[in-house]
There are 2 protein chains.
Amino acid sequence: MPATSPDFPDRLRAAGLRPTRQRVALARLLFEGGHRHVTAESLHVEVKATRMPVSLATVYNALNQFRDAGLLREVVVAPGRSYFDTNTGHHHHFFVEPDGELHDFPSEKVTIAGLPTPPKGTRLARVDVIVRVRR
Amino acid sequence: MPATSPDFPDRLRAAGLRPTRQRVALARLLFEGGHRHVTAESLHVEVKATRMPVSLATVYNALNQFRDAGLLREVVVAPGRSYFDTNTGHHHHFFVEPDGELHDFPSEKVTIAGLPTPPKGTRLARVDVIVRVRR
DNA sequence: GCAGCATTTAGAATTGTTCTAAACTTCTTG
DNA sequence: CAAGAAGTTTAGAACAATTCTAAATGCTGC
Ligand SMILES: [Mn+2]
Ligand SMILES: [Mn+2]
Ligand SMILES: [Zn+2]
Ligand SMILES: [Zn+2]
């Protein structure tokens with residue numbers, strides 16, 4: 001994401017994670033290009049195609065750690081599986097129903113007015129807008 | 001939901017479902033009071049407390065059939081489990097994060113402006129707003 | 001280089017959900 | 001009001017996504 005060269009070992013260290021070969025390989029796939037939405041399974045398939053295969057357990061571990069470190073955000077839109085989103089900024093999603101594709105759209109153009117106040121004893125954490133569309 | 005007496009057998013027949021003892025018992029729990037958000041597991045616990053115990057498979061079958069018949073709507077807000085919502089009208093949700101509680105709020109007061117147009121070849125199906133709050 | 005701690009991994013375990021196939025109910029029709 | 005046909009229920013097995021276990025391996029700071 002920074003315009004400066006993405007030194008993945010350094011970025012992982014900065015997030016409090018040791019830059020192991022596996023985590024660096026996954027970080028490269030996740031953060032080298034533009035924003036992405038992956039599932040554990042889809043990322044596992046991708047990384048296996050690499051010279052550096054990584055176990056599925058490690059993919060799950062890394063996704064959860066990256067999320068906990070704020071490098072990823074977890075998106076739940078359909079029963080059964082989680083998506084992990086490399087875009088951690090404010091934005092919302094189109095979800096294309098039969099295929100399970102997720103697309104970002106910026107939250108800047110969207111105005112949500114008139115939201116009720118949170119229930120007693122709770123603080124607002126985030127507002128998710130999911131625009132479900134069908135082919 | 002109708003002010004008229006809720007004849008569950010008739011309502012089930014109207015939805016194209018045979019009014020079996022099990023479905024009537026579940027419909028009573030779901031539709032007799034105000035709107036509810038249940039999981040398969042929570043509804044199973046409830047119905048077991050009744051004189052008419054129902055297997056978990058039947059709870060899942062009934063929830064899926066009720067949803068397919070438009071009597072319920074499925075809500076996915078957290079990884080791992082689905083909620084089923086007796087409120088099938090337009091509305092949105094508060095999700096209380098550690099406890100997993102869902103609360104409705106009416107969509108009438110909420111204005112969402114500036115939503116981008118759906119991706120090429122898709123039609124808008126629904127817009128879900130999830131307001132995530134924490135204790 | 002080594003110790004010490006973190007990480008990886010294969011496989012087992014867990015969880016939520018669906019499937020299977022046999023027993024049982026409901027509905028239709030005579 | 002019988003059957004019979006078709007739909008439903010159920011226990012338990014199967015599945016799919018995810019997490020856990022414990023042993024092997026890898027990073028890091030000294
Ligand atoms: Mn998780
Ligand atoms: Mn379902
Ligand atoms: Zn996104
Ligand atoms: Zn609701």
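The structure presented is a predicted model; accordingly, all values stated were derived computationally and were not measured.
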Worksheet entry | Leu12(B) CG - dT25(C) P separation (whole Å) | 18 Å

Worksheet item: Roughly how many Å is it from CD in Glu41(A) to C1' in dT18(D), rounded to a whole number?
Response: 11 Å

Discussion item. Starting from Ile130(A) and following side-chain heavy-atom contacts under 4.5 Å between hydrophobic residues (I, L, V, M, F, W, Y), which residues can be reached?
Written reply: Val75(A), Val77(A), Tyr83(A), Phe95(A), Leu102(A), Val75(B), Val77(B), Tyr83(B), Phe95(B), Leu102(B), Ile130(B)

Worksheet item: Mapping Gly80(A) and Arg23(B) onto DNA chain D by nearest heavy atom, which one lands closer to the 5' end?
Response: Arg23(B)

Worksheet item: Please, which pairs that meet salt bridge (charged side-chain N to carboxylate O under 4.0 Å, His left out) have at least one residue in residues 33-52 of chain B, sequence neighbours excluded?
Response: Arg36(B)-Glu46(B)

Fill in: Donor + acceptor pair across side chains of His93(B), His37(B) (<3.5 Å)
yes

Item to complete: Would you please test Phe94(A) and Phe105(A) for ring-ring contact (aromatic ring centres under 6.0 Å, His included) and show each step?
Response: CA-CA 7 Å; Phe94(A) 279 115; Phe105(A) 65 81; 5.1 Å; yes

Worksheet item: Of all residues at least two apart in sequence or in a different chain, which pass the salt bridge (charged side-chain N to carboxylate O under 4.0 Å, His left out) check with Arg21(A)?
Response: none

Fill in: Nucleotide of dT19(D), dT18(D), dT17(C) approaching Asn64(A) most closely (side-chain heavy atoms)
dT19(D)

Worksheet item: Listed in order of residue number, which residues of residues 54-63 of chain B have a non-hydrogen atom at under 4.0 Å from DNA chain D?
Response: Val54(B), Ser55(B), Ala57(B), Thr58(B), Asn61(B)

Fill in: Whether Asp99(B) side chain and Glu101(B) backbone form a donor-acceptor pair below 3.5 Å
no

Discussion item. Which residues pass the side chain to side chain contact (heavy atoms under 4.5 Å, CB included) test with Glu32(B), not counting sequence neighbours?
Written reply: Phe8(B), Arg28(B)

Fill in: Whole-Å gap separating P (dT17(C)) and CD (Gln65(B))
16 Å

Worksheet item: Reading nucleotides 25-30 of chain D 5' to 3', which nucleotides get B (base under 4.0 Å from a protein heavy atom), which S (sugar-phosphate only), which -?
Response: -BBS--

Worksheet item: Can you name the residues that form a side chain to side chain contact (heavy atoms under 4.5 Å, CB included) with Pro9(A), not counting sequence neighbours?
Response: Asp7(A), Arg13(A), Pro19(A), Val24(A)

Worksheet, complete the sentence: Here the salt bridge (charged side-chain N to carboxylate O under 4.0 Å, His left out) pairs for residues 106-124 of chain A, sequence neighbours left out, are none

Discussion item. Checking the side chain of His44(A) only, and the main-chain atoms of Ser42(A) only, is there a donor and an acceptor separated by less than 3.5 Å?
Written reply: no

Worksheet item: Axis-to-axis angle across the helix from dG1(C)-dC30(D) to dG30(C)-dC1(D), five pairs an end, to 10 degrees?
Response: 30°

Fill in: Nucleic acid contacts of residues 44-53 of chain A, taken as heavy-atom distances under 4.0 Å to DNA chain C
Pro53(A)

Discussion item. Let me spell it out: for each of Gly16(A) and Thr39(B), pick the nucleotide of DNA chain C with the closest heavy atom. Which residue's pick is nearer the 5' end?
Written reply: Gly16(A)

Practice prompt. Please round to the nearest 0.5 Å and tell me the distance separating atom CG of Leu63(A) and atom CG of Leu30(A).
Written response: 6.5 Å

Fill in: For Asn61(B), all residues meeting side chain to side chain contact (heavy atoms under 4.5 Å, CB included), sequence neighbours excluded
Gln65(B)

Worksheet item: Roughly how many Å is it from CG in Asp10(B) to P in dC27(C), rounded to a whole number?
Response: 11 Å

Response to the item:
Ser55(B) meets the side chain to side chain contact (heavy atoms under 4.5 Å, CB included) criterion, sequence neighbours left out, with Ala57(B), Thr58(B)

